There are 2 protein chains.
Amino acid sequence: MRSASRKQDQEPLTQRLTDGGFRFTPQREHVYTVLTERRDHPTAEEVFIRAKKGMPEISLATVYNCLDALVKCGLVKQVAVQRGAARFCPNMEEHGHFYCDVCGSVFDMELPAGQGAPVTMPKGFTVDHYEIAAHGFCPDCGARKKNVETIS
Amino acid sequence: MRSASRKQDQEPLTQRLTDGGFRFTPQREHVYTVLTERRDHPTAEEVFIRAKKGMPEISLATVYNCLDALVKCGLVKQVAVQRGAARFCPNMEEHGHFYCDVCGSVFDMELPAGQGAPVTMPKGFTVDHYEIAAHGFCPDCGARKKNVETIS
DNA sequence: CGCTGGATTTAGAATTATTCCAAATCTTGA
DNA sequence: TCAAGATTTGGAATAATTCTAAATCCAGCG
Ligand SMILES: [Mn+2]
Ligand SMILES: [Mn+2]
Ligand SMILES: [Zn+2]
Ligand SMILES: [Zn+2]
């Protein structure tokens with residue numbers, strides 16, 4: 001049972017698209033499915049590659065289109081944790097990101113609950129949301145680095 | 001008295017470049033000066049425009065070069081708060097950024113002192129540094145928005 | 001049902017931001 | 001002084017994204 005195909009599971013997607021002034025289309029559904037079936041942070045290009053598996057005729061322009069619509073509907077987050085290609089995150093819970101400076105992987109990170117505003121805002125600024133990211137080595141790259149140090 | 005021209009003021013720059021394995025060059029000094037004489041967050045293109053005022057022959061490639069060297073020496077920060085062109089920040093104190101979603105301006109924000117790690121890191125991750133950004137309306141754009149609402 | 005206007009998809013062109021390249025120029029230090 | 005290596009430069013190349021215009025789709029209407 002492919003969860004995204006059951007009628008009841010489609011409803012929130014359909015609803016959110018409609019509310020955002022968009023139509024429900026097979027491409028948008030498919031891009032959304034592809035994105036939610038793995039908890040990582042693919043680039044548009046990577047989403048395109050994955051999307052072609054189940055929908056070989058889809059175009060890259062459409063993938064950009066769909067991602068844009070999904071972001072505007074609040075179904076997906078766009079994260080700008082590093083320079084270069086934008087990445088897309090299907091996890092809509094509040095969370096931070098860890099970016100591995102060696103391999104470029106992005107991981108979701110839990111935020112310590114109820115710790116209040118992370119920055120002190122001068123008068124006049126209206127905050128919509130925060131973005132918190134940590135940079136460093138992921139477990140794999142940290143281990144590899146240690147090995148290299150030991151060997152040399 | 002142009003502050004960046006006094007010998008004693010150049011020393012830290014010279015030193016940091018040398019320590020980073022770079023040479024001290026008029027272009028690198030000039031790009032650094034241009035960047036530090038205003039506390040904002042210009043793109044490489046904007047730095048190029050400013051740099052040409054005092055050094056008309058400088059090329060865009062050199063500006064990218066110099067910015068790269070300055071970042072590698074820890075004299076300047078590269079901030080990736082939004083998609084699109086990278087921005088450069090001459091403020092090396094620890095601070096967060098506010099990004100105005102309307103006009104795209106970036107502001108430095110003080111971080112509440114000693115509040116500890118902003119994210120909970122699972123075992124194996126080694127953190128090098130954090131990046132904290134708030135998104136919303138800057139004072140100007142907030143005011144403009146309120147006016148529009150009142151008028152319409 | 002068949003039409004029609006607007007939304008969507010598509011391939012490819014265009015644009016933007018950055019990096020690469022190779023030649024000219026500039027140090028540094030034997 | 002001179003050679004080797006670093007740096008600068010303009011232009012070409014690349015990467016990521018947006019734009020364009022034609023084809024297709026589809027909801028609502030007669
Ligand atoms: Mn995420
Ligand atoms: Mn800053
Ligand atoms: Zn890694
Ligand atoms: Zn603003």
Side-chain angles (χ1 to χ4, degrees), chain A residues 10 13-34 41-52 54-73 75-76 78-88 104 106, chain B residues 10 13-34 41-52 54-73 75-76 78-88 104 106:
Chain A
Q10 284 174 24
L13 173 59
T14 317
Q15 196 55 57
R16 299 298 282 273
L17 283 170
T18 311
D19 292 355
F22 296 100
R23 288 191 185 159
F24 174 86
T25 69
Q27 287 85 350
R28 282 171 184 162
E29 180 191 27
H30 186 59
V31 166
Y32 183 64
T33 304
V34 148
H41 300 81
T43 63
E45 192 74 38
E46 285 162 352
V47 173
F48 178 49
I49 289 163
R50 294 183 200 176
K52 276 197 291 196
M55 190 180 268
E57 349 64 60
I58 199 169
S59 78
L60 179 56
T62 300
V63 169
Y64 272 104
N65 253 337
C66 294
L67 289 171
D68 190 57
L70 295 172
V71 168
K72 283 186 177 139
C73 294
L75 286 157
V76 155
Q78 182 163 14
V79 303
V81 71
Q82 31 69 263
R83 277 222 29 75
R87 288 165 173 279
F88 297 87
V106 178
Chain B
Q10 285 174 22
L13 174 59
T14 317
Q15 195 55 56
R16 298 298 282 273
L17 284 169
T18 311
D19 290 355
F22 296 100
R23 287 189 186 161
F24 174 86
T25 70
Q27 287 85 348
R28 283 173 183 160
E29 179 190 29
H30 186 59
V31 166
Y32 183 64
T33 303
V34 147
H41 299 82
T43 62
E45 192 75 39
E46 286 162 352
V47 173
F48 178 48
I49 290 163
R50 295 183 199 174
K52 275 197 293 195
M55 191 180 266
E57 350 63 59
I58 199 170
S59 79
L60 179 56
T62 300
V63 169
Y64 271 103
N65 252 338
C66 293
L67 289 172
D68 190 58
L70 293 172
V71 167
K72 283 185 177 138
C73 295
L75 286 156
V76 156
Q78 180 162 16
V79 303
V81 72
Q82 31 69 262
R83 275 222 30 74
R87 290 166 171 279
F88 297 87
V106 178

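Keep in mind the model is a prediction, meaning the values are calculated, not measured. The sequence lines fix the lettering, A, B, ..., with proteins before strands; numbering per chain opens at 1.
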Undergrad: Whole angstrom is fine here: how far is it from CD1 in A:Ile49 over to P in D:dA16?
TA: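 After rounding, the reported distance stands at 11 Å.
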Undergrad: Closer to the 5' end of DNA chain D via nearest nucleotide, is it B:Thr25 or A:Ala86?
TA: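 Its nearest nucleotide being more 5', the pick is B:Thr25.
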Undergrad: Expressed as a whole number of angstroms, how long is the span from A:Leu67:CG to C:dT10:C1'?
TA: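 Atom CG in A:Leu67 sits about 16 Å away from atom C1' in C:dT10.
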Undergrad: CZ of A:Phe24 to CG of A:Leu13: how many Å apart, nearest 0.5 Å?
TA: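 The distance works out to 5.5 Å.
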Undergrad: Does A:Pro26 or B:Leu60 map to a spot on DNA chain C nearer the 5' end, using the closest nucleotide for each?
TA: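 The residue whose closest nucleotide sits nearer the 5' end is A:Pro26.
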Undergrad: Which nucleotide wins on minimum distance to the side chain of A:Ala44, given the candidates C:dT9, D:dG10, D:dT17?
TA: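 Shortest atom-to-atom distance from the side chain points to D:dT17.
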Undergrad: Got a donor-acceptor contact below 3.5 angstrom from the A:Arg28 side chain to the A:Arg23 backbone?
TA: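 Between the backbone of A:Arg23 and the side chain of A:Arg28 there is a qualifying donor-acceptor contact (under 3.5 Å).
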Undergrad: So, do A:Val31 and A:Ile58 sit near enough that their side-chain heavy atoms are less than 4.5 Å apart?
TA: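 The answer is yes; the side chains approach within 4.5 Å.
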Undergrad: Rounded off to whole Å, could you give me the CG-to-C1' distance for the B:Leu17 and D:dT8 pair?
TA: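 Between C1' of D:dT8 and CG of B:Leu17: 15 Å.
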Undergrad: May I have the distance from B:His30 (atom NE2) to D:dT7 (atom P), rounded to whole angstrom?
TA: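 So the NE2-P distance, B:His30 to D:dT7, works out to 19 Å.
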Undergrad: Are any side-chain N or O atoms of A:Thr62 and backbone N or O atoms of A:Asn65, one a donor and one an acceptor, separated by less than 3.5 Å?
TA: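 Absent.
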Undergrad: Base, sugar-phosphate alone, or nothing: which one does A:Ala85 contact when heavy atoms must sit under 4.0 Å apart?
TA: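 Result for A:Ala85 = sugar-phosphate.
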Undergrad: Taking atom P of C:dT9 as reference, at what distance in whole Å does atom CE of A:Met55 sit?
TA: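 Result: 9 Å.
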Undergrad: Using a heavy-atom cut-off of 4.0 Å across all strands, would you classify A:Thr62 as base, sugar-phosphate, or nothing?
TA: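 Result for A:Thr62 = base.
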Undergrad: Between B:Arg83 (CZ) and C:dT16 (C1'), how many Å, whole number?
TA: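 After rounding, the gap between these two atoms is 10 Å.
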Undergrad: Which listed nucleotide (D:dG5, D:dC25, D:dT17) is nearest to the side chain of B:Arg23?
TA: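 Ranking D:dG5, D:dC25, D:dT17 by closest atom to the B:Arg23 side chain puts D:dG5 first.
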Undergrad: Would you classify A:Glu57 as touching base, sugar-phosphate or nothing, given that sugar-phosphate means primed atoms plus P, OP1 and OP2, and contacts are heavy atoms under 4.0 Å?
TA: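 Contact class for A:Glu57: sugar-phosphate only.
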Undergrad: Could you check which of C:dA11, D:dT17, C:dA17 has an atom nearest any side-chain atom of B:Tyr64?
TA: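 Output: C:dA17.
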Undergrad: Roughly, in whole Å, what's the span from CD in B:Glu45 to P in C:dT16?
TA: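 Result: 10 Å.
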Undergrad: Is the backbone N or O of A:Val79 less than 3.5 Å from a side-chain atom of B:Arg83, with the two atoms forming a donor-acceptor pair by type?
TA: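 No, because the side chain of B:Arg83 does not come within donor-acceptor range (under 3.5 Å) of the backbone of A:Val79.
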Undergrad: Measuring to OP1 and OP2 of C:dC26, would you say a side-chain N or O of B:Gln27 lies under 4.0 angstrom away?
TA: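 The answer is no; no side-chain N or O of B:Gln27 sits under 4.0 Å from OP1 or OP2.
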Undergrad: Measure NZ/A:Lys52 against P/C:dT9 and give the value in whole Å, please.
TA: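 A:Lys52 atom NZ is separated from C:dT9 atom P by 17 Å.
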Undergrad: Taking the nucleotide of DNA chain C with the nearest heavy atom to each, does B:Ala61 or B:Gly84 sit closer to the 5' end?
TA: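 With B:Ala61 and B:Gly84 compared, the 5'-side residue is B:Gly84.
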